[in-house]
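The structure under discussion appears below in the form of structure tokens.
Both counts, for ligands and for their atoms, begin at 1 and track the order of listing.
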Amino acid sequence: MVLAAELRLTHLGNAGMLVECGSRAAIVDGLFREGVRGHERIPEALREKIESAAPPFDRIEVILATHSHADHFDAAAVARHLEANPRARFAGVPEMASLLPAGRAEAITRPAARTFGPFEVTFQDLPHQRPVRTVVENTLHVIRACGQTVAFTGDAGQELSLYARAPKVDILVAPYWFVTSPQGRAVVEQVFQAKDVWAVHGNTTAEEWVPKVKQAYPQAKIGVAAQDRR
Ligand SMILES: [Zn+2]
């Protein structure tokens with residue numbers, strides 16, 4: 001009997017996640033460096049493994065980023081991974097793809113659907129929350145692989161009207177304020193209706209935000225990274 005491979009998610013830091021299906025992987029918002037002051041970063045030793053494509057990051061087929069802010073994307077970090085991992089490609093809006101080596105990055109005009117190994121990925125425009133320091137295009141990614149679907153909102157606004165085309169999914173990865181605010185909760189419960197919800201994107205200390213999530217939405221999976229001393 002052959003068991004179907006399971007979709008596995010691993011939190012890396014801030015909104016960064018590794019998605020594994022069988023022996024293949026995708027990474028979303030997991031190749032960044034400095035981040036934003038006060039926000040969670042990827043611990044230094046882990047970041048080094050990701051950028052240098054050390055196992056299991058040598059299995060990455062596709063690199064995705066919901067938007068170009070420094071706590072989600074860094075062109076030099078992506079380029080270093082592409083150099084170390086010949087199988088990997090980047091796919092994203094032209095603003096990011098144009099910063100990467102030609103031939104290794106696909107500029108995506110949304111809406112779009114692409115397949116990378118076992119990962120079927122859709123790209124939809126989903127506006128960034130306001131106010132925002134710099135105007136940026138934010139993308140809703142839905143990945144189907146290993147018989148499951150997982151959505152990544154990026155730093156999207158929480159107005160229900162933005163989600164008219166968003167699908168129901170099995171797993172949702174969203175900033176933690178989607179489960180702690182009434183507006184965000186409506187998106188989680190009425191739009192995505194996921195059985196697993198990952199609360200990520202620590203924009204303050206874990207001591208401050210994690211208890212709020214545990215109280216508001218006890219069933220959430222909490223993505224919090226051990227932080228290096230700064
Ligand atoms: Zn962010």
Self-check item: Close aromatic pair by centroid cut-off 6.0 Å: Trp177 and His201
Solution: yes
Quiz item: Does any non-hydrogen side-chain atom of Val200 lie less than 4.5 Å from one of Phe152?
Solution: no
What side-chain donor-acceptor pairs closer than 3.5 Å can you find for residues 159-175, not counting sequence neighbours?
unit_1	atom_1	unit_2	atom_2	d
Tyr163	OH	Gly157	O	2.6
Asp170	OD2	Thr149	N	2.9
Asp170	OD2	Thr149	OG1	3.2

Donor-acceptor contacts under 3.5 Å from residues 214-221 side chains, at least two apart:
none

Self-check item: Residue and atom, protein N/O/S, under 2.8 Å of the Zn ion (ligand 1)
Solution: Asp71 OD2, His72 NE2, Asp155 OD2, His201 NE2
Self-check item: Plane angle bin for His67 and His72 - parallel if under 30°, tilted between 30 and 60°, otherwise perpendicular
Solution: tilted
Self-check item: Residue pairs, two or more places apart or on separate chains, that pass side chain to side chain donor-acceptor pair (under 3.5 Å) and touch residues 75-84
Solution: Glu48-Arg80, Glu51-Arg80, His81-Asn85
